[in-house]
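Here's the structure, in structure tokens; my notes come after.
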Amino acid sequence: MLKLDFHPAGRHFLQIPGPSPVPDRILRAMSYPTIDHRGPEFGALGLKVLSGIQKIFKTTQPVIIYPASGTGAWEAALSNTLSPGDTVLMYETGHFATLWKKMAEALGLKPEFIGLPGIEGWRRGVQADAIEARLRADTAHVIKAVCVVHNETSTGVTSNIAEVRKAIDAAGHPALLLVDTISGLAAADYRHDEWGVDVTVSGSQKGLMLPPGISFNAVSKKAIAASKHAKLPRAFWDWTDIIEMNKTGYWPYTPNTNLLYGLHEALDMILDEGLDNVFARHQRLATACRAAVTAWGLEVQCADPAVYSPILTGVMTPEGIDADVVRKTIYERFNMSLGTGLGKMKGRMFRIGHLGEANDLSLMATLAGCEMGLKLAGIKLAGSGVTAAMDFLAEQKIPPLKIAA
């Protein structure tokens with residue numbers, strides 16, 4: 001029989017950039033008995049989580065919750081707003097932008113994929129001026145949507161979505177703006193309404209600290225209007241019935257009740273800490289992590305400090321060193337999982353996740369495991385990243401711990 005918990009003494013360090021570790025509070029909430037999803041108790045739960053998730057997206061518009069991974073929410077965003085043969089402008093920032101483009105092709109859309117060439121495009125954020133130039137050239141308004149990734153999990157780059165919105169407006173183009181913030185939500189500042197996003201896609205297993213299995217579409221009035229005329233086939237993903245039934249806290253199908261318990265608890269945790277405090281904590285940990293990488297004499301995957309991700313740090317290994325061998329060494333010796341390089345970066349880098357419930361001490365333990373593993377893998381380090389990160393964190397002024405009365 002498969003042994004589910006095979007780790008040795010102590011907790012396994014899950015330091016990939018998602019799924020992130022699930023806090024005990026959320027695990028306990030998910031263990032509550034399943035209730036009738038048509039009863040009054042569930043309706044109250046539904047209304048509470050639907051209201052709470054709007055605060056996380058910073059929107060007053062509907063947020064559709066699906067029992068699916070982020071990939072499902074990608075498909076929902078496309079299928080609800082577009083028709084077969086529509087042209088969509090998609091920007092290549094990494095592996096997940098590439099996968100979204102492949103999905104668009106599979107659905108019968110015509111994606112135009114723009115971006116910087118080669119590896120360079122996987123080390124920088126969205127270039128809003130390139131989007132503006134392409135839209136200005138589209139005088140017939142053939143392009144129906146612009147699709148970009150907010151936080152590219154494969155590279156550690158967080159693109160400026162407000163600049164993309166400005167670019168679309170400056171071009172005077174009516175294209176919808178679709179944004180993937182699957183790994184960014186609840187960890188990096190995100191403003192669905194203020195930034196003029198039409199559909200925001202996200203998932204449960206990153207900043208929300210839940211297991212995989214919930215995904216989201218936050219939608220604008222313009223997106224809902226577009227859905228009335230979109231012709232791509234959709235049934236399960238259709239927003240129409242979901243939005244209507246959500247008004248009373250219910251869904252038109254059987255929802256994932258116990259994950260919604262977990263979402264309820266996660267929302268309480270995040271909103272009690274305060275979104276601004278959550279974002280500041282992630283930025284602090286990310287800066288400390290990058291200080292460690294610099295002290296080691298290694299290169300951060302993201303080449304533009306203006307778009308460093310607060311969710312993860314990509315670490316480039318020296319020429320001739322297979323990053324996956326380093327990861328394997330750290331996993332086997334220190335019981336810690338790090339993210340692998342994806343797509344164009346396979347074997348050239350590894351990814352350190354510092355999101356969700358992460359704090360100063362969890363990051364320090366992670367960096368200690370990385371530093372020891374790098375040395376065991378035969379990499380000559382310029383200095384101690386652990387000391388550099390520790391010195392940075394020790395200097396930071398953070399809000400005092402709240403002690404319950």
Side-chain angles (χ1 to χ4, degrees), residues 17-18 68-135 137-138 141-161 163-165 167-168 173 175-184 197-203 206 215-217 223 226 230-234 237 301-302 307 309 314 340-346:
S69 68
T71 305
W74 272 352
E75 182 167 339
L78 297 173
S79 65
N80 276 282
T81 57
L82 299 165
S83 298
D86 278 353
T87 298
V88 291
L89 185 64
M90 309 185 90
Y91 198 99
E92 182 180 7
T93 47
H95 184 66
F96 293 96
T98 304
L99 290 179
W100 203 7
K101 176 241 185 187
K102 289 181 178 178
M103 174 185 280
E105 291 172 333
L107 291 173
L109 299 170
K110 295 179 180 177
E112 282 190 27
F113 212 30
I114 65 172
L116 298 173
I119 298 300
E120 188 68 11
W122 287 43
R123 301 194 68 187
R124 298 182 182 275
V126 174
Q127 309 295 301
D129 57 347
I131 291 175
E132 181 179 342
R134 179 64 190 92
L135 293 179
D138 179 33
H141 296 166
V142 172
I143 295 169
K144 301 304 180 184
V146 175
C147 301
V148 296
V149 174
H150 174 226
N151 188 79
E152 177 58 72
T153 326
S154 66
T155 64
V157 172
T158 303
S159 290
N160 189 325
I161 302 304
E163 289 300 313
V164 176
R165 177 74 263 171
I168 297 171
H173 202 286
L176 295 164
L177 175 57
L178 278 54
V179 178
D180 164 357
T181 189
I182 290 171
S183 60
V197 182
D198 292 302
V199 186
T200 300
V201 174
S202 197
K206 310 280 188 173
S215 61
F216 309 92
N217 277 179
K231 297 293 189 290
L232 276 176
R234 61 191 189 272
W237 303 116
Q301 162 72 6
C302 178
V307 291
S309 172
T340 186
L342 298 170
K344 295 178 182 180
M345 303 309 298
K346 183 68 175 173

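Note that the structure is a prediction, hence the values are computed from the model and not measured.
- No side-chain heavy atom of S159 sits less than 4.5 Å from a side-chain heavy atom of V148.
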side-chain contact (heavy atoms from CB on, under 4.5 Å) evaluation trace for M345 with I119 | CA-CA 8 Å; M345 303 309 298; I119 298 300; 3.7 Å; yes

Determine, stepwise, if the pair I182 / T153 fulfils side-chain contact (heavy atoms from CB on, under 4.5 Å).
-> CA-CA 9 Å; I182 290 171; T153 326; 6.0 Å; no

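- Panel note: side chain N151, backbone T181; no donor-acceptor pair is recorded below 3.5 Å.
- When every heavy atom of G118 is checked against every heavy atom of K344, the shortest pair comes out as O-NZ, 3.5 Å.
- A donor-acceptor pair is defined here as one N or O able to donate and one able to accept, closer than 3.5 Å; no such pair exists between the side chain of K144 and the backbone of L176.
- Listed here is the closest heavy atom pair of N217 and V201: ND2-CG2, 3.8 Å.
- The CZ atom of R234 lies 10.0 Å from the CG atom of L82; values are rounded to the nearest 0.5 Å.
- With hydrogens and angles ignored, the 3.5 Å screen pairs no side-chain donor or acceptor of T87 with any backbone N or O of I143.
- The nearest pair of heavy atoms linking F216 to A73 is O-CB, 3.5 Å.
- Rounding to the nearest 0.5 angstrom, the gap separating the CZ atom in F96 from the CG atom in D180 is 8.5 Å.
- The CD1 atom of I161 sits 6.5 Å away from the CG atom of L177 when rounded to the nearest 0.5 Å.
- Of the possible polar contacts, one joining the Q127 side chain to the G125 backbone as a donor-acceptor pair under 3.5 Å is found.
- Contact record, S79 with A230: O-CB, 4.2 Å, taken as the closest heavy-atom pair.
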Should E132 and I168 be marked as a side-chain contact (heavy atoms from CB on, under 4.5 Å) after you check the CA-CA gap, both sets of side-chain angles, and the distance that decides it?
-> CA-CA 6 Å; E132 181 179 342; I168 297 171; over 6 Å; no

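- Residues H150 and T158 are in side-chain contact: their nearest non-hydrogen atoms beyond the backbone lie under 4.5 Å apart.
- The backbone N or O of A97 lies less than 3.5 Å from a partner atom in the side chain of E152, making a donor-acceptor pair.
- In this structure the side chain of V149 never reaches within 4.5 angstrom of the side chain of V126, judged on heavy atoms.
- Side-chain contact between T155 and R123 is absent, with no heavy-atom pair separated by less than 4.5 Å.
- In plain terms, the two heavy atoms of T98 and F113 that are nearest each other are CA-CZ, 3.7 Å.
- Annotation: side chain of L99 is not in contact with side chain of M103 (no heavy-atom distance under 4.5 Å).
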Take I114 and I131 through the side-chain contact (heavy atoms from CB on, under 4.5 Å) test and state the conclusion after the steps.
-> CA-CA 8 Å; I114 65 172; I131 291 175; 4.2 Å; yes

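- Side chains of L109 and L232 form a contact here, defined as non-hydrogen atoms less than 4.5 Å apart.
- Annotation: the span from W122 atom CH2 to L342 atom CG amounts to 7.0 Å, rounded to 0.5 Å.
- The closest donor-acceptor contact from the side chain of Q301 to the backbone of V157 lies at 3.5 Å or more, if one exists at all.
- Counting only distance, with no hydrogens or angles, the side chain of D198 and the backbone of L178 share no donor-acceptor pair below 3.5 Å.
- When every heavy atom of L135 is checked against every heavy atom of H173, the shortest pair comes out as O-CD2, 3.5 Å.
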